[in-house]
*Asks:* 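What follows is a structure written as structure tokens; I'll ask about it next.
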Amino acid sequence: MTQAAFRTLAYEPGRLTLLDQTRLPREETYVDLTHLEEVARAIETMVVRGAPAIGIAAAYGIAVAAREGLDLAEADRRLRRTRPTAVNLFWALDRMQRRWHAGADTAALEAEGHAIYAEEVEASRKMGEHGAALIPDGATVLTHCNAGALATAELGTALAVIRAAHAQGKHIKVVADETRPVLQGARLTAWELMRDGIDVTLIADGAVAHLASRGEITCAVTGADRIAANGDAANKIGTHGVACILNAYGRPFYVAAPWSTVDERLASGADIEIEERSADEVTTVFGVRVAPEGVKVRNPAFDVTPAKWIHRIITERGAVPPGELISGG
Ligand code: MRU
């Protein structure tokens, strides 16, 4: 399968290196983090983002804290306060917590971080295999936000499916919407796919319905930040609208995510906490104000797509209708 030619996260004892996603695509800059607080800030400010990548970064954050000799319970609480929606963060921290509660030393915590990283790579590979079977040759696949190698350890979730279909020799075209307000589609998905030589066309968010109405979209694949037991899926704001449009025009809408994104404790998506981010993300574009001073703003960073609008949920365990996610998992 085509491998992304960059490294989103890398850890060596006491140092977490991140590709700074706030600077892409203008600059490919890596930052070295040696303090727990730096890791927490990097997650909050989206230097690293995307559900699986946030989980891996948090796991390595505990390893960094252990190297610093910090109180791990406090480090854990700090990391849990960074971003609320992606369950991968809490899943990874729970896993690290079980290890240090059982007396794991720093090296063992680092090994656990590496294990989480390796498992996410393998999950992406398997998601790619399961999902590629759903993508017909000649398809134009819409994706929203960035669910690629930048959002995971390698390959991605939605983009792992696209990469796998492409690697199988299928002639795939990708349509990436820009994903306001943070522009993950324009800045990250377009950059990542172009580097891999995968055909990608960027559109404004508002252009999705127009293209779908003209039969120019075969299907959509997105990632997820948290999937409830009934298959409701939280993902980047705007995903719900994309799913509505695809369903209105009779096209399948797929969600690809590793099992670490499934929150079996939540009966439905109504219980998923939705992060609200700063108004500045909406009122400004790269520091330039585009809205009047004093305007009221809402900036929910995620929305929840009801399971009834999701045709298949693709995990490393297979591609199933939402209703079969837990029973078939
Ligand atoms: O706010 P972000 O950029 O962290 O949001 C990311 C998304 O919504 C992704 O689609 C999701 O995390 C899946 S990543 C494989």
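Just so you know, ligand 1 is whichever comes first in the structure, and atom 1 is the first atom listed for that ligand.
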*Asks:* Return all side-chain donor-acceptor pairs below 3.5 angstrom for residues 134-142, not counting sequence neighbours, or 'none' if the list is empty.
*Replies:*
{"residue": "Asp137", "atom": "OD1", "partner": "His171", "partner atom": "N", "Å": "2.6"}
{"residue": "Asp137", "atom": "OD1", "partner": "His171", "partner atom": "ND1", "Å": "3.4"}

*Asks:* Of Glu120, Glu316, Arg95, Glu119, which is the lone residue that meets side chain to side chain donor-acceptor pair (under 3.5 Å) with Ser260?
*Replies:* Glu120
*Asks:* What are the polar N/O contacts of ligand 1 with the protein below 3.5 Å, with distances?
*Replies:*
{"residue": "ligand 1", "atom": "1 (O)", "partner": "Arg83", "partner atom": "NH1", "Å": "3.4"}
{"residue": "ligand 1", "atom": "1 (O)", "partner": "Arg83", "partner atom": "NH2", "Å": "2.8"}
{"residue": "ligand 1", "atom": "1 (O)", "partner": "Lys236", "partner atom": "NZ", "Å": "2.7"}
{"residue": "ligand 1", "atom": "3 (O)", "partner": "Arg49", "partner atom": "NE", "Å": "2.9"}
{"residue": "ligand 1", "atom": "3 (O)", "partner": "Arg49", "partner atom": "NH2", "Å": "3.3"}
{"residue": "ligand 1", "atom": "3 (O)", "partner": "Gln184", "partner atom": "NE2", "Å": "2.8"}
{"residue": "ligand 1", "atom": "4 (O)", "partner": "Gly50", "partner atom": "N", "Å": "3.0"}
{"residue": "ligand 1", "atom": "4 (O)", "partner": "Arg83", "partner atom": "NH1", "Å": "2.9"}
{"residue": "ligand 1", "atom": "8 (O)", "partner": "Asp225", "partner atom": "OD1", "Å": "2.8"}
{"residue": "ligand 1", "atom": "8 (O)", "partner": "Asn235", "partner atom": "OD1", "Å": "3.1"}
{"residue": "ligand 1", "atom": "8 (O)", "partner": "Lys236", "partner atom": "N", "Å": "3.2"}
{"residue": "ligand 1", "atom": "10 (O)", "partner": "Asn235", "partner atom": "OD1", "Å": "2.6"}
{"residue": "ligand 1", "atom": "12 (O)", "partner": "Ala51", "partner atom": "N", "Å": "2.8"}
{"residue": "ligand 1", "atom": "12 (O)", "partner": "Asp225", "partner atom": "OD1", "Å": "3.2"}
{"residue": "ligand 1", "atom": "12 (O)", "partner": "Asp225", "partner atom": "OD2", "Å": "3.0"}

*Asks:* Is there any side-chain hydrogen bond (donor to acceptor under 3.5 Å, both in side chains) pair reaching into residues 8-19, and which pairs are they, with sequence neighbours excluded?
*Replies:* Tyr11-Glu110, Glu12-Arg15, Thr17-Asp32
*Asks:* Donor-acceptor pair, Thr85 side chain versus Glu275 backbone, under 3.5 Å?
*Replies:* yes
*Asks:* Does a donor on one side chain and an acceptor on the other come within less than 3.5 Å for Ser268 and Asn230?
*Replies:* no
*Asks:* Show me the pairs that pass ring pair (Phe, Tyr, Trp, His ring centres under 6.0 Å) and involve residues 213-258, at least two apart or across chains.
*Replies:* His240-Trp309
